[in-house]
Visitor: 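Here it is, the structure, as structure tokens.
Side-chain atoms are counted along with the backbone in the values below, which use heavy atoms only and exclude waters and symmetry mates.
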Amino acid sequence: MATDNGTKISVSASQVRAARALLGISQDELAAKSGVPKRTLVRFELGEGVPRQSTVEALAHTLERAGIAFIADMDVGGGDGEGVRFRQSRYLEYRPTPKQAVRDKAWADASKKAWEKRKPRVAAKEKMKDRV
């Protein structure tokens with residue numbers, strides 16, 4: 001874990017890029033899933049400035065939830081370098097952070113409201129199909 005300007009960096013920019021490539025997700029997707037602004041993610045991956053620890057933790061947590069394991073420099077034979085890999089576990093458990101849990105609930109509530117609005121129209125269309 002490196003330290004830069006008082007911020008402990010638990011994962012590097014190259015690890016985040018490699019994890020995104022391994023998962024096949026874009027910066028937009030990672031930004032949306034982690035709640036980190038895209039511009040902050042882009043700057044972090046380019047090495048421009050030092051993000052807050054909470055930003056790095058949000059990115060790492062999101063990628064770990066997606067099945068990524070981060071390999072520290074000291075974990076690789078003799079300290080050859082850091083990296084990423086898929087986790088061993090086949091069954092990944094979704095554990096949102098408190099902020100993500102609130103966002104997930106809000107999304108679920110909004111989806112439910114939207115469905116409740118559409119439900120009568122969908123039922124009416126189904127009825128019309130049955131008549132034909």
Visitor: List in chain and number order the residues that pass side-chain hydrogen bond (donor to acceptor under 3.5 Å, both in side chains) with Thr62, two or more places apart in sequence or in another chain; answer none if no residue qualifies.
Guide: Gln100
Visitor: When you compare the side chain of Phe70 with that of Glu64, does any pair of heavy atoms fall below 4.5 Å?
Guide: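 Result yes, sub-4.5 Å side-chain heavy-atom pair found.
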Visitor: Could you tell me which residues satisfy side-chain contact (heavy atoms from CB on, under 4.5 Å) with Asp28, sequence neighbours excluded, listed by chain and number?
Guide: Ser26, Lys38
Visitor: Let me confirm one number: the CD-OG distance from Glu116 to Ser111, rounded to the nearest 0.5 Å.
Guide: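 Taking CD in Glu116 and OG in Ser111, the distance rounds to 11.5 Å.
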Visitor: Roughly how far, to the nearest 0.5 Å, is CD of Gln27 from CG of Leu30?
Guide: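 Going from CG on Leu30 over to CD on Gln27, the span is 8.5 Å.
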Visitor: Can Asp109 and Lys105 be counted as an ion pair, charged N to O under 4.0 angstrom?
Guide: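 Answer for the salt bridge query: yes.
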Visitor: Which heavy atom in Pro37 sits nearest to a heavy atom in Ala31, and how many Å separate them?
Guide: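 Looking at all heavy atoms of both residues, the closest pair is C-CB, 4.3 Å.
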Visitor: Pair Phe44, Val50 - check side chain to side chain contact (heavy atoms under 4.5 Å, CB included), show working.
Guide: CA-CA 7 Å; Phe44 175 56; Val50 179; over 6 Å; no
Visitor: On a heavy-atom basis, which atom in Gln15 and which in Glu82 lie closest, and how many Å separate them?
Guide: NE2-CB, 3.7 Å
Visitor: If you look at every heavy atom in Gly24 and Glu29, which pair is closest and at what distance?
Guide: O-OE1, 4.2 Å
Visitor: Is there a side chain to side chain contact (heavy atoms under 4.5 Å, CB included) between Val16 and Val11? Walk through the geometry before answering.
Guide: CA-CA 7 Å; Val16 171; Val11 292; 4.1 Å; yes
Visitor: Please identify each residue that fulfils side-chain contact (heavy atoms from CB on, under 4.5 Å) with Leu23, with sequence neighbours left out.
Guide: Ile25, Leu63, Ala66, Ile68, Phe86
Visitor: Roughly how far apart are Glu45 CD and Ser14 OG, rounded to 0.5 Å?
Guide: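 Output value for this atom pair is 9.5 Å.
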Visitor: State which residues pass salt bridge (Lys or Arg N to Asp or Glu O under 4.0 Å) with Arg43; sequence neighbours excluded, sorted by chain then number.
Guide: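 Glu48.
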Visitor: Are Glu57 and Ser10 close enough that a side-chain donor and a side-chain acceptor fall under 3.5 Å?
Guide: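 There is no such pair between these side chains.
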Visitor: So, using side-chain contact (heavy atoms from CB on, under 4.5 Å) as the criterion, who are the partners of Ala58 when residues are at least two apart?
Guide: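 Here the qualifying residues are Val36.
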Visitor: Supply the members, apart from Val42, of the Ile/Leu/Val/Met/Phe/Trp/Tyr cluster built from side-chain contacts under 4.5 Å; use none for a lone residue.
Guide: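 Cluster partners of Val42: Leu46.
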Visitor: Report the residues that fulfil side-chain contact (heavy atoms from CB on, under 4.5 Å) with Arg85, sequence neighbours left out, ordered by chain and then residue number.
Guide: Ala69, Ile71, Gln88
